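FYI, the numbering just counts along the sequence from 1. Since the model is a prediction, treat every value here as computed from it, not as a measurement.
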Amino acid sequence: MDKQWILQEKEFKAKTALAYEGLFTLGSGYLHTRGSLEENVGNDPQNITAPKQPVANASNFDHAATVVVSHWGTYVPGVFGRHPYMNEEIVNLPYFLGIAPTIAGEKLDMLTSKTSGYCRNLNMKYASIERELVWHSKEGDVKVEFERFISGVRTNLSVQKAKFTALDKPVTITIKSGIDADVRTNGEDHFIEFGSLEGGKLQCEVKQISACEVKSIVTTNINRVLNTGGDTIYTVAQTNAAGANWKYVEEPRRGFFVSEFKLAAGQSLVVEKRSAVTTSRDLVKTTPEQVLADAQKLSYDQLFDEHKAYWAMRWAKSDVEIEGDDDSLQAIRASIFHLLRCHVTGDSRVAIDAKGTAGDLYYGRFFWDTEVYLVPFFLYTDPERAKTLVDFRIQTLEGARKNAQKLGYRGARFPWESDHKGNDCCPAMNWQYRDHEVHITADVVYAFAHYAANTGDSYLKDPKTAETVVETARYWLDRIDWRQGDDYPSLLGVMGPDEYTALTSNNAYTNWMVKFALNVAAKYGKFGGATDEEIAQFKEVAAKLPIVRSKKNPDLIMQCEEFDSFAEPQFDKIWKDRKKHFAIFASQERLYRSKCLKQADVLMLLYLFINEFTDAEIKAAWDYYLQYTTHDSSLSRGAHAVLANKIGLDKEAWEMFQGCKGQDLNVENGGAAEGIHIAGCGMNWQMVVFGVAGILNALQSEVFTMNPHMPKQWKKVSFPFIWKGQALKITLEAGKVVIKNNSNANLDVVICGKKANVAAGKEEVFNY
């Protein structure tokens with residue numbers, strides 16, 4: 001296997017264990033598990049399930065600091081429960097991966113056992129984990145091998161295999177395997193007894209159901225605020241091994257099978273474990289027992305083969321190949337792997353949460369990441385999957401209406417932190433984001449229009465889509481202010497993408513997005529119930545909403561009206577360690593009154609509408625804002641990289657790309673400890689496709705257009721790309737573009753300003 005398909009942990013270290021757990025998360029879209037070790041870490045289960053109590057000061061809640069070494073995580077997107085301080089959150093479900101060996105009373109434990117030859121691989125091509133080591137137990141040396149995958153075909157099914165081989169002496173080994181339902185999510189126990197449910201219904205039950213199967217039944221806690229009941233999750237774990245004499249051991253909220261095996265020197269024990277999870281909210285109703293029964297006739301290898309074939313199909317639609325830079329290739333593939341893993345097939349009731357269903361942080365909620373960072377990847381590689389992501393906002397329209405009503409507005413206001421119902425779950429302590437990052441409502445319409453641009457505007461003419469667009473426009477008509485003496489409307493008290501600049505007037509990113517959204521509403525509003533009078537209002541506000549420019553330099557778009565009058569940030573005086581976030585050294589009130597940016601704001605606007613701005617405007621913004629940008633957000637450098645390519649700043653583009661591409665791979669500094677930077681994954685793909693290849697997206701150009709900027713560090717880059725229903729394969733080399741048209745229609749193209757045509761089924765070479 002090409003090493004660029006492999007992410008490898010060469011040594012187990014307590015310091016990096018959490019980062020590898022997040023990075024090695026497996027998933028089928030429906031079911032996800034963090035990359036925890038099968039035998040667990042630490043003999044005290046408290047190490048795994050801590051913290052045992054919810055943390056009230058959750059705005060500064062550092063989960064990593066509360067967990068000793070490892071943090072179990074099992075998630076089904078859409079299964080939410082009520083946290084006492086943080087509103088609705090994704091629920092960490094019963095843990096079924098455990099396969100714990102013991103020899104002569106010594107449990108295998110990477111913290112305390114004597115081992116050698118440790119190696120663990122995440123095989124991204126096959127979406128599987130393999131691990132091996134030699135355990136130097138008191139009785140003798142044992143080679144230990146683990147494998148596991150979550151089936152892409154049977155999305156409810158997890159499959160594991162463990163092999164133990166006595167190397168030098170006979171050993172007696174005991175295997176313990178089952179389900180542990182005594183887990184927490186950000187300290188909250190979502191499976192405790194509630195008197196409000198059926199007079200005190202037990203929320204968690206673990207029991208034996210056959211000679212080798214244990215079943216967990218848990219129900220999430222009721223949401224008393226929203227008056228909704230909990231979801232019930234059913235998990236069955238089946239453990240098999242030749243010669244086993246399983247004895248069932250039940251502990252509070254845990255159930256295990258235990259068997260002893262005697263191995264002669266050179267003899268191996270193979271243990272196979274299959275686990276299935278279903279929930280009461282599933283679109284297709286089944287049971288874990290049925291899932292296991294359907295797979296019963298297939299061997300481990302047969303299940304793995306069908307799983308590999310599924311992933312081969314997914315990779316064929318999306319893989320980016322880079323020659324000459326193995327580090328970048330590995331980083332881009334890691335990003336694509338997690339994007340593929342996260343998407344829930346055919347279910348528009350959920351999007352992709354901010355941590356890529358790989359951790360509790362951000363509580364499994366959905367942000368503007370979906371529309372701006374994630375939709376493009378799917379839109380140009382697998383448009384049917386993009387549709388479920390944009391449809392998610394239509395599914396949650398009623399929640400958006402309620403959010404607007406709570407604040408006294410008409411229409412629909414999409415939440416900054418959305419649960420699966422569209423409720424804004426951003427806690428009161430984070431009011432500045434919840435109440436003022438209103439651009440999310442316009443971002444939703446941007447994604448609708450982006451999807452329609454590449455698939456056909458019938459999507460915007462659909463009554464449900466158009467209704468959603470109109471409702472957002474009605475919100476904007478109420479949200480604007482007409483200040484005394486002004487002949488134009490303003491958006492006051494807003495926070496743009498840059499979260500270090502709060503409560504500003506006429507933020508450029510927000511205003512431009514709102515103008516765009518209102519124009520979409522004006523064009524398609526009749527399909528969604530807008531009156532002629534409303535459409536006229538949409539047009540008027542869109543035309544008059546201002547974009548503030550510098551009085552000194554007309555090419556410079558101001559982030560907001562106030563920005564140029566803010567205090568200088570005094571980076572040299574305050575920012576003592578540039579490897580750490582500026583916000584660590586500066587108070588929030590200092591951030592809010594200074595010219596310091598958490599991430600690209602005006603530059604993000606220029607990136608999304610790159611065709612509408614001149615190089616002079618982009619360069620003016622680059623020169624002015626870069627000096628103030630801290631890049632404290634993982635989302636900042638990507639837009640910079642693409643814009644640097646656009647204006648010929650090759651060195652800067654490469655530096656920005658390097659700073660963005662490997663965030664989750666940086667295990668020594670935490671990496672993916674709390675989950676995947678999934679928006680960053682989407683941005684990594686965009687940096688290659690829209691930055692290096694210089695493709696204009698379907699909103700930016702009606703004709704397929706490329707202006708390549710091949711880094712000198714690369715020999716070749718290629719990737720599949722779907723343009724308005726036509727499947728293409730794009731290949732770049734120094735001074736050369738190759739476009740293969742795999743569709744049955746001719747394709748008009750513009751390469752570096754020159755018009756051409758690529759015939760159906762043909763390949764054309766363009767020099768630049």
Side-chain angles (χ1 to χ4, degrees), residues 312-325 328-329 332-333 336 339 375-387 449-459 607-612 642 645-646 648 653 682 684-712 714-768:
M313 176 269 294
R314 297 291 302 278
W315 279 111
K317 294 181 177 182
S318 58
D319 187 28
V320 171
E321 300 172 272
I322 299 171
E323 292 184 15
D325 183 359
S328 292
L329 174 57
I332 295 301
R333 279 186 172 156
I336 295 172
L339 288 164
V375 164
F377 168 76
F378 293 101
L379 180 56
Y380 295 105
T381 62
D382 198 344
E384 290 184 10
R385 292 178 181 272
K387 187 175 188 300
H450 195 178
Y451 175 80
N454 201 44
T455 62
D457 72 351
S458 60
Y459 184 74
Y607 166 60
L608 293 179
F609 297 92
I610 198 168
N611 60 307
E612 300 187 37
V642 176
N645 275 321
K646 174 70 166 59
N684 286 344
W685 180 87
Q686 292 186 49
M687 284 192 296
V688 174
V689 172
F690 302 138
V692 171
I695 294 175
L696 293 182
N697 70 37
L699 268 179
Q700 297 163 350
S701 176
E702 292 186 4
V703 178
F704 181 81
T705 301
M706 288 181 65
N707 294 283
H709 307 278
M710 185 75 166
K712 63 182 180 180
W714 294 1
K715 295 179 181 178
K716 181 189 291 188
V717 58
S718 61
F719 51 86
F721 193 83
I722 295 178
W723 177 262
K724 300 185 178 182
Q726 294 182 265
L728 314 176
K729 183 66 178 285
I730 311 297
T731 302
L732 273 69
E733 298 181 63
K736 184 171 71 174
V737 174
V738 181
I739 300 178
K740 185 176 182 181
N741 183 356
N742 293 315
S743 68
N744 57 8
N746 295 343
L747 175 72
D748 291 328
V749 300
V750 177
I751 310 298
C752 295
K754 296 181 180 179
K755 296 180 180 180
N757 183 273
V758 182
K762 300 296 183 179
E763 180 178 284
E764 294 289 344
V765 179
F766 303 92
N767 295 317
Y768 69 93

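- Atom NZ in Lys740 sits 12.5 Å away from atom CD in Glu764 (nearest 0.5 Å).
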Exercise. Tell me, with the steps shown, if Ser318 and Phe377 meet side chain to side chain contact (heavy atoms under 4.5 Å, CB included).
Key: CA-CA 9 Å; Ser318 58; Phe377 168 76; 3.8 Å; yes
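- Judged purely by atom type and a 3.5 angstrom limit, Asn454 uses its side chain to pair as donor or acceptor with the backbone of Ile722.
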Anything under 3.5 Å between a donor and an acceptor, one on a side chain of residues 701-712, the other on a protein residue two or more places apart or in another chain? List them.
residue : atom : partner : partner atom : Å
Ser701  : OG   : Val703  : N            : 3.3
Ser701  : OG   : Val703  : O            : 2.6
Ser701  : OG   : Thr705  : OG1          : 3.1
Thr705  : OG1  : Val703  : O            : 2.8
His709  : ND1  : Asn645  : O            : 3.1
His709  : NE2  : Asn645  : O            : 3.4
His709  : NE2  : Asn707  : O            : 2.9

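- Within the 3.5 Å criterion, the main-chain N or O of Gly761 finds no donor-acceptor partner in the side chain of Asn741.
- The number of heavy atoms from other shown groups lying within 6.0 Å of CG (Asn744) does not exceed 12.
- Between Val749 and Phe766 the shortest heavy-atom distance is CG2-CZ, 4.0 Å.
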Give the table of side-chain donor-acceptor pairs shorter than 3.5 Å for residues 751-760, with sequence neighbours excluded, one pair per line with atom names and distance.
residue : atom : partner : partner atom : Å
Asn757  : ND2  : Leu747  : O            : 3.4
Asn757  : ND2  : Asp748  : OD1          : 2.8

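- Atoms OH and CD1, from Tyr380 and Ile730 in turn, are 12.5 Å apart once rounded to the nearest 0.5 Å.
- With a 4.5 Å cut-off on side-chain heavy atoms, Glu321 and Ser718 count as touching.
- Take Tyr607 and apply the ring-ring contact (aromatic ring centres under 6.0 Å, His included) test, not counting sequence neighbours, and it matches no residue.
- Heavy atoms only, all atoms of each residue included: His450 and Ala698 are closest at NE2-N, 4.4 Å.
- Between Lys729 and Asn742, the closest side-chain pair of non-hydrogen atoms falls below 4.5 Å.
- Counting heavy atoms from C-beta outward, Lys317 and Arg385 have side chains that stay 4.5 Å or more apart.
- If you take CZ on Phe719 and CD1 on Ile336, they are separated by 10.5 Å, rounding to the nearest 0.5 Å.
- Atoms CG and CG, from Asn697 and Asn611 in turn, are 7.5 Å apart once rounded to the nearest 0.5 Å.
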Self-check item: Verdict with supporting geometry, Leu732 and Trp714, side chain to side chain contact (heavy atoms under 4.5 Å, CB included)
Solution: CA-CA 10 Å; Leu732 273 69; Trp714 294 1; over 6 Å; no
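- Between the OH atom of Tyr451 and the CZ atom of Phe378 there is a distance of 13.5 Å, given to the nearest 0.5 Å.
- Below 30°, between 30° and 60°, or above 60°: for Phe690 and Trp685 the angle between ring planes is above 60°, a perpendicular geometry.
- Side-chain contact between Phe609 and Leu699: absent, with no pair of heavy atoms (C-beta onward) separated by less than 4.5 Å.
- Side chain of Gln726 to backbone of Ala745: a donor-acceptor contact under 3.5 angstrom is found.
- Of the possible donor and acceptor atoms, none in the side chain of Tyr459 sits under 3.5 Å from a partner among the backbone N and O of Lys387.
- Judged by distance alone, with hydrogens and angles left aside, the side-chain atoms of Gln700 form a donor-acceptor pair with the main-chain N or O of Leu608 at under 3.5 Å.
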